[in-house]
Amino acid sequence: MKINNTMSGKKEEFIPIVPGKIKMYVCGPTVYNYFHIGNARPFLFFDVVRHYFQYLGYQVTYVQNITDIEDKIIAQSIREEIPFQAVSEKYINAYYEDLAKLGIAQADIQPKATSVVPQMVTLIEKLIQNGHAYEMNGDVYFSVESFPGYGKLSGKKIDEQRAGSRVEENKEKKHPGDFTLWKKSKPGEPVWQSPWGEGRPGWHTECVVLSRENLGDTFDIHGGGIDLVFPHHENEIAQAESLNGKPLANYWMHNGFLNIEGEKMSKSENNFFTAREVLEEYSAEAIRFFFLSKHYRSPIDFNRAILEESDRAVKNFYNTFRDINFENFKTESLTTGEELTWAEAEFREAMDDDFNTAKALALLFELNKKAHSNELSFDQKKASTLLLYKLGSVLGFFQDMNAFDTKPIDSDLDAFVQAQIQIRNKAKAEKDWATADQIRKNLIEKGIELMDTKEGTEWKQK
RNA sequence: GGCGACAUCGCCAAGUGGUAAGGCAAGGGUCUGCAAAAUCCUCAUCCCCGGUUCAAAUCCGGGUGUCGCCUCCA
């Protein structure tokens, strides 16, 4: 198993700290709004990472924080004129809802930042004692010059940056790169008590506390979006290593950004979509396919055409399940036999190579082809289908086998359509093609499509 | 100014030295009253120029282009 480690910039052989067990931490949402489709990428990808490790037999502990105190949440609470807790609560619930709709399992531990404020205060106190942090008028800053390793993750050297060019110069700071650990509160803001007066913790400290509390001083994998490399993860490392000199995590994984129509997604461009908006138009499986069809570290472009392509691609699998009547043997145990072990081996080979999901998907399509081939026996096709289902499930597909089903939901509508089908079948029997086609046409105008199969006429709503 | 990524068929995309996976779209055949689905077949020499090598999309150098980070950001 090889993983591209941002720390070294290379693919490294993955060796867990404790054999058979994996501890991973991924930066979670700041709950001031519904999360957008770009946020969904790490959520979805690291969920696949977790499931793949579990498939390999590892026991995984997955921690993801929830940032429930932060400038944007406060701004939102002022805007909506409600307490900040009400804002965070609302969007935490929305977060869980959207994850579920996307077919993403929750992390094993999902602590809130506000649950560990005293621990953050303690950590900051230690950093002050160690000479790594200093207090100025109620604010506390981390001194980047006190930590020689600062910049080792991102490859940045603090003195080569354009100090103060894009950031407002803060005269309180000893060095322009010093970052806030504790922020003095302004009137009307939520406050916590501290040795430096009333205030609130900075963002970079919560992940240090939450990861170490739940996973120990050093854990296996720390993940997040590539934009977090600097400064967030760099700052986490600075704090953690300044405490005890131990690495915070052994492997740092970062996913590439999602662009919209080639442009960076941003509010000022007004070109971002929330995950729930996208889910109104496209299936969770199509979204999953879209993300997994490209390597996680590459930037990915989001647009309608691609989502529609993804949707059509995923439908192939469901057509296979439908045509072979997968429901009838879904629960049978998989006995791939020798002829299919290569497929699973190649699947693993792809995934073992820094999670090459695009290549893994190609294997799924090869199995799909076999599952549908007219040149193979039913048993051979059945074995391919079972393996397709198994490996697809590792990638998070096929959670809802009815996702592309034709089963009607509305019984009144079904009764109506069934009646139409009856009339049409009668016309067909009498070779009255004009009437039969007219009925098909009428129904299509209502968004209903008829399909004649050997078992009779089925219908689905578009 | 510093750091980094990327450029492969109409579109998406894998491929880090041995002669271009896969998906979507398209074209043709089969099946079907029609349609849908399915099935079979067809469909690229890898941005440009040099170099290394028996051999390069893959390595090196130089261009060109696109993008990201350096500020809250997945």
[X] side chain: which of [options] is closest?
{"X": "Pro42(A)", "options": "G33(B), A36(B), A74(B)", "result": "A74(B)"}
{"X": "Met451(A)", "options": "A74(B), A35(B), C24(B)", "result": "A35(B)"}
{"X": "Asn255(A)", "options": "A74(B), C11(B), C24(B)", "result": "A74(B)"}
{"X": "Ala358(A)", "options": "C72(B), C69(B), A14(B)", "result": "A14(B)"}
{"X": "Glu366(A)", "options": "A14(B), A37(B), A21(B)", "result": "A21(B)"}
{"X": "Phe230(A)", "options": "C34(B), G23(B), C69(B)", "result": "C69(B)"}
{"X": "Lys156(A)", "options": "C70(B), G33(B), C12(B)", "result": "C70(B)"}
{"X": "Ile306(A)", "options": "A38(B), G33(B), C11(B)", "result": "C11(B)"}
{"X": "Glu375(A)", "options": "G22(B), C40(B), C34(B)", "result": "C40(B)"}
{"X": "Lys369(A)", "options": "C69(B), G33(B), C40(B)", "result": "C40(B)"}

Rounding to an integer number of Å, can you tell me how far [X] [atom1] sits from [N] [atom2]?
{"X": "Trp433(A)", "N": "U32(B)", "atom1": "CH2", "atom2": "C1'", "answer": "10 Å"}
{"X": "Trp342(A)", "N": "A21(B)", "atom1": "CH2", "atom2": "C1'", "answer": "11 Å"}
{"X": "Arg297(A)", "N": "A74(B)", "atom1": "CZ", "atom2": "C1'", "answer": "16 Å"}
{"X": "Lys72(A)", "N": "A74(B)", "atom1": "NZ", "atom2": "P", "answer": "6 Å"}
{"X": "Leu443(A)", "N": "A35(B)", "atom1": "CG", "atom2": "C1'", "answer": "13 Å"}
{"X": "Phe46(A)", "N": "A74(B)", "atom1": "CZ", "atom2": "P", "answer": "13 Å"}
{"X": "Asp301(A)", "N": "C24(B)", "atom1": "CG", "atom2": "C1'", "answer": "16 Å"}
{"X": "Ile300(A)", "N": "C11(B)", "atom1": "CD1", "atom2": "C1'", "answer": "14 Å"}

[atom1]-based separation of [M] from [N] [nearest Å]:
{"N": "A20(B)", "M": "A57(B)", "atom1": "C1'", "value": "8 Å"}
{"N": "U30(B)", "M": "G10(B)", "atom1": "P", "value": "29 Å"}
{"N": "U64(B)", "M": "U19(B)", "atom1": "P", "value": "34 Å"}
{"N": "C47(B)", "M": "U32(B)", "atom1": "C1'", "value": "47 Å"}
{"N": "G18(B)", "M": "A55(B)", "atom1": "C1'", "value": "6 Å"}
{"N": "C54(B)", "M": "U66(B)", "atom1": "C1'", "value": "36 Å"}
{"N": "C6(B)", "M": "U16(B)", "atom1": "P", "value": "12 Å"}

Aromatic contact between [X] and [Y], with the criterion being ring centroids under 6.0 Å apart: yes or no?
{"X": "Tyr150(A)", "Y": "Phe142(A)", "value": "no"}
{"X": "Phe365(A)", "Y": "Phe317(A)", "value": "yes"}
{"X": "Phe326(A)", "Y": "Phe329(A)", "value": "yes"}
{"X": "Tyr32(A)", "Y": "Tyr91(A)", "value": "no"}

Please work out if [X] contacts a base, only the sugar-phosphate, or nothing of the nucleic acid, heavy-atom cut-off 4.0 Å.
{"X": "Arg41(A)", "result": "nothing"}
{"X": "Gly224(A)", "result": "sugar-phosphate"}
{"X": "Leu364(A)", "result": "nothing"}
{"X": "Leu228(A)", "result": "sugar-phosphate"}
{"X": "Phe365(A)", "result": "sugar-phosphate"}
{"X": "Leu450(A)", "result": "base"}
{"X": "Asn39(A)", "result": "base"}
{"X": "Glu70(A)", "result": "sugar-phosphate"}
{"X": "Asn319(A)", "result": "sugar-phosphate"}

Exercise. side-chain hydrogen bond (donor to acceptor under 3.5 Å, both in side chains) with Ser8(A): which of Lys10(A), Glu12(A), Lys11(A)?
Worked result: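 With Ser8(A) as partner, side-chain hydrogen bond (donor to acceptor under 3.5 Å, both in side chains) holds for just one option, Glu12(A).
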
Using the closest heavy atom to pick a nucleotide of RNA chain B for each, name whichever of Ala362(A) or Asp452(A) lands nearer the 5' end.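 Checking each residue's closest nucleotide, the 5'-ward one belongs to Ala362(A).
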
Exercise. Starting from the 5' end of RNA chain B, give me the residue, Leu363(A) or Ser373(A), whose nearest nucleotide shows up first.
Key: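 The 5'-side residue here is Leu363(A).
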
Distance-only side-chain donor-acceptor flag, Tyr282(A) / Glu308(A), under 3.5 Å
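On atom types as modelled, these side chains qualify, holding a pair under 3.5 Å.
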
Worksheet entry | Side chains of Asn93(A) and Glu89(A), donor plus acceptor under 3.5 Å |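 Asn93(A) vs Glu89(A): no donor-acceptor pair found between side chains.
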
Q) Under the salt bridge (Lys or Arg N to Asp or Glu O under 4.0 Å) criterion, do Arg297(A) and Asp354(A) qualify, and how do the steps go? A) CA-CA 10 Å; Arg297(A) 280 188 283 117; Asp354(A) 195 27; 2.7 Å; yes

Between [X] and [N], is there a side-chain N or O to OP1/OP2 distance below 4.0 Å?
{"X": "Asn356(A)", "N": "G15(B)", "value": "yes"}
{"X": "Lys264(A)", "N": "C69(B)", "value": "yes"}
{"X": "Asn374(A)", "N": "C31(B)", "value": "no"}
{"X": "His295(A)", "N": "A14(B)", "value": "no"}
{"X": "Asn316(A)", "N": "C24(B)", "value": "yes"}

Could you let me know what [N] is paired to, Watson-Crick or G-U wobble, both distances under 3.5 Å, or none if it's on its own?
{"N": "C6(B)", "value": "G65(B)"}
{"N": "U52(B)", "value": "none"}
{"N": "G1(B)", "value": "C70(B)"}
{"N": "A37(B)", "value": "none"}
{"N": "A26(B)", "value": "U42(B)"}
{"N": "U32(B)", "value": "none"}
{"N": "U19(B)", "value": "none"}

Check your understanding: Do Asp227(A) and C72(B) share a donor-acceptor pair, side chain to base, under 3.5 Å?
Key ->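 Counting by modelled atom types and ignoring angles, no donor-acceptor contact under 3.5 Å is found here.
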
Salt bridge or not between Lys152(A) and Glu241(A)? Use side-chain N to carboxylate O under 4.0 Å.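 Yes.
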
Derivation and outcome, ring pair (Phe, Tyr, Trp, His ring centres under 6.0 Å), residues Phe46(A) and Tyr62(A)
CA-CA 9 Å; Phe46(A) 286 105; Tyr62(A) 180 18; 7.5 Å; no

